[in-house]
Amino acid sequence: MSRDPFSFNNPYLITRSLYPENQETPIHFIPSNHTPDHLFFRRNHFPYPTLNQSRFWIPIGGSVLNPTIFSNYDLLKLPSKTVNTVLECAGNKRNFFEPNVFGEQWEKGATSMGKWKGVSLGTLFEITGLEKDAKEVIVEGYDYGNRTDLDQIYTYTRSLPLEKALHPDTIIAYEYNDKPIPFKHGFPFRLVVPNWYAMASVKWIKQINIINTTFEGPFQTVDYVYYPKKENDEGSFLVTINNVNSTIQQPLHMEKLETGRHMIKGIAWTGKGEITTVEISTDGGETWSNAAIAHTDGVHDYTWSTWSFDWMVSEKGEFTILSRARDSYDRVQPPNPFWNQKGYGYNAIDQIKVKVE
Ligand SMILES: Nc1nc2c(c(=O)[nH]1)N[C@H]1C(S)=C(S)[C@@H](COP(=O)(O)O)O[C@H]1N2
Ligand SMILES: [Mo]
């Protein structure tokens, strides 16, 4: 039976929690180019904020020479910047850590790839100017709620070091895939930080503040920190750039196949440089061959690469299929994940099992 898994074209998001709404992309069934709105994973810490008029202005203050409130109109008429990028949740694949860690049990679909259009943050700072001692840029979202661990109300707020904030591809986006950003993904304005895990890309921007100290909000100092030891918090460091990673989309884990030809296909991405090779093993890691890589749409910037491998199988039995990506900085997916208390940055070699009968 020959079939094109992408021709049914009716997959849905998978619910991981209702309040707040956390849903993952059916990653095995999506088209490999830009993720359409309705298949874009949703990751929220709080209930959705309400939409009101004040949301169409962004105040920028703190260590700037001219504090400025930018209107929707100001932002739209400034020179625009478009970035095609993966946004992957730091908790993507958390479910696969052993021992298991607490938190949303994401499988492989807490990730997306799409086209964001907006204004470089740096363009706005050209207007506001920056004090000499400016060090970090704090971006606050409109959503808020109680953190049970700290028993206090917080907004979702994060900071970026000045250098990353000034990178021309760090933008305040107002469009996703050529349309206004869908509400659940941050309408009307969302920070988009390519190459960093998606916690940095703050949705529903309320205000921006430049500081000359180090930001210490809980979404930066409690969460989104790697704690490598189980017993204590020694050796901790911040979650920032994406690890090199890959996911096998087809065939499916535990799928039954007939003997013959099968296309093994998937995606690979990295937060540093670009994907250079994806190797496939169909014998549990004894032998490896290169998959063919196609950079999606010929657009390199921060997109994922799609890859495929033509597998001819004449023997019956059980097969463990692995994919291992490498990037231009020679970072490669490790055989074992880097375990950490909060389960961030899982990037072990991807693995599925199939039965040929
Ligand atoms: N304001 C706000 N921004 C946020 C979050 C949030 O809860 N509130 N979650 C962050 C995290 S952890 C991720 S993975 C991405 C999820 O973006 P999405 O819901 O558009 O997929 O948004 C980031 N930005
Ligand atoms: Mo996330």
Side-chain angles (χ1 to χ4, degrees), residues 13-17 19-27 30 34-51 55 58 85-95 101 103-116 118 138-147 153-160 170-177 179-208 217-220 222-226 238-243 245 271 342-346:
L13 290 168
I14 303 157
T15 302
R16 295 280 166 226
S17 79
Y19 308 107
E21 185 176 68
N22 286 310
Q23 303 184 343
E24 78 178 82
T25 297
I27 195 74
I30 61 164
H34 295 150
T35 310
D37 300 2
H38 70 287
L39 297 177
F40 190 141
F41 80 103
R42 299 167 180 170
R43 200 291 180 240
N44 297 294
H45 295 76
F46 300 124
Y48 290 109
T50 49
L51 191 54
R55 297 252 246 108
I58 301 181
T85 187
V86 165
L87 283 185
E88 180 195 11
C89 179
N92 192 27
K93 305 192 182 186
R94 177 180 288 129
N95 176 261
V101 294
E104 303 295 323
Q105 293 302 297
W106 299 114
E107 294 187 4
K108 299 178 184 180
T111 189
S112 66
M113 197 274 281
K115 178 177 172 187
W116 298 92
I138 302 181
V139 181
E140 180 172 15
Y142 268 105
D143 50 331
Y144 62 90
N146 191 47
R147 278 189 62 121
I153 293 195
Y154 290 91
T155 52
Y156 186 84
T157 306
R158 297 256 324 161
S159 83
L160 285 177
T170 297
I171 63 171
I172 292 185
Y174 47 74
E175 275 183 18
Y176 179 68
N177 291 350
K179 286 189 291 212
I181 300 176
F183 174 67
K184 292 186 170 182
H185 298 290
F187 179 84
F189 305 118
R190 174 185 197 154
L191 186 66
V192 171
V193 186
N195 278 344
W196 281 37
Y197 279 109
M199 75 279 146
S201 295
V202 178
K203 304 191 273 188
W204 311 293
I205 299 175
K206 181 182 187 181
Q207 56 176 334
I208 296 177
F219 293 103
Q220 193 121 343
V222 179
D223 298 334
Y224 306 110
V225 177
Y226 292 108
L238 299 186
V239 175
T240 58
I241 65 170
N242 292 69
N243 291 326
N245 217 332
K342 296 204 169 213
Y344 298 129
Y346 186 104

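In what follows, every heavy atom counts, from backbone to side chain, and hydrogens, waters and symmetry copies are set aside. Read the numbers this way: they start at 1 and go in the same order the structure lists the ligands and their atoms. Everything quoted here is computed from the prediction, not taken from an experiment.
- Phe40 and Trp116 have perpendicular rings, their planes meeting at more than 60° on a 0 to 90° scale where under 30° would count as parallel.
- The main-chain N or O of Gln105 is never found under 3.5 Å from a side-chain atom of Glu107 such that the two would form a donor-acceptor pair.
- For the pair Arg16 and Phe41, the cation-pi criterion (under 6.0 Å, within 45° of the ring axis) is not fulfilled.
- A salt bridge between Asp143 and Lys203 is absent, with no side-chain N of the basic residue lying under 4.0 Å from a carboxylate O of the acidic one.
- In this structure, Trp204 has its ring center no closer than 6.0 Å to that of Tyr156.
- Residues with a heavy atom under 4.0 Å from ligand 1: Phe40, Phe41, Arg42, Arg43, Asn44, His45, Cys89, Asp143, Tyr156, His185, Arg190, Ala198, Met199, Ser201, Val202, Lys203, Trp204, Tyr224.
- Taking the six-membered ring where the residue is Trp, His45 and Tyr224 present perpendicular rings, their angle passing 60° and hence far from 30°.
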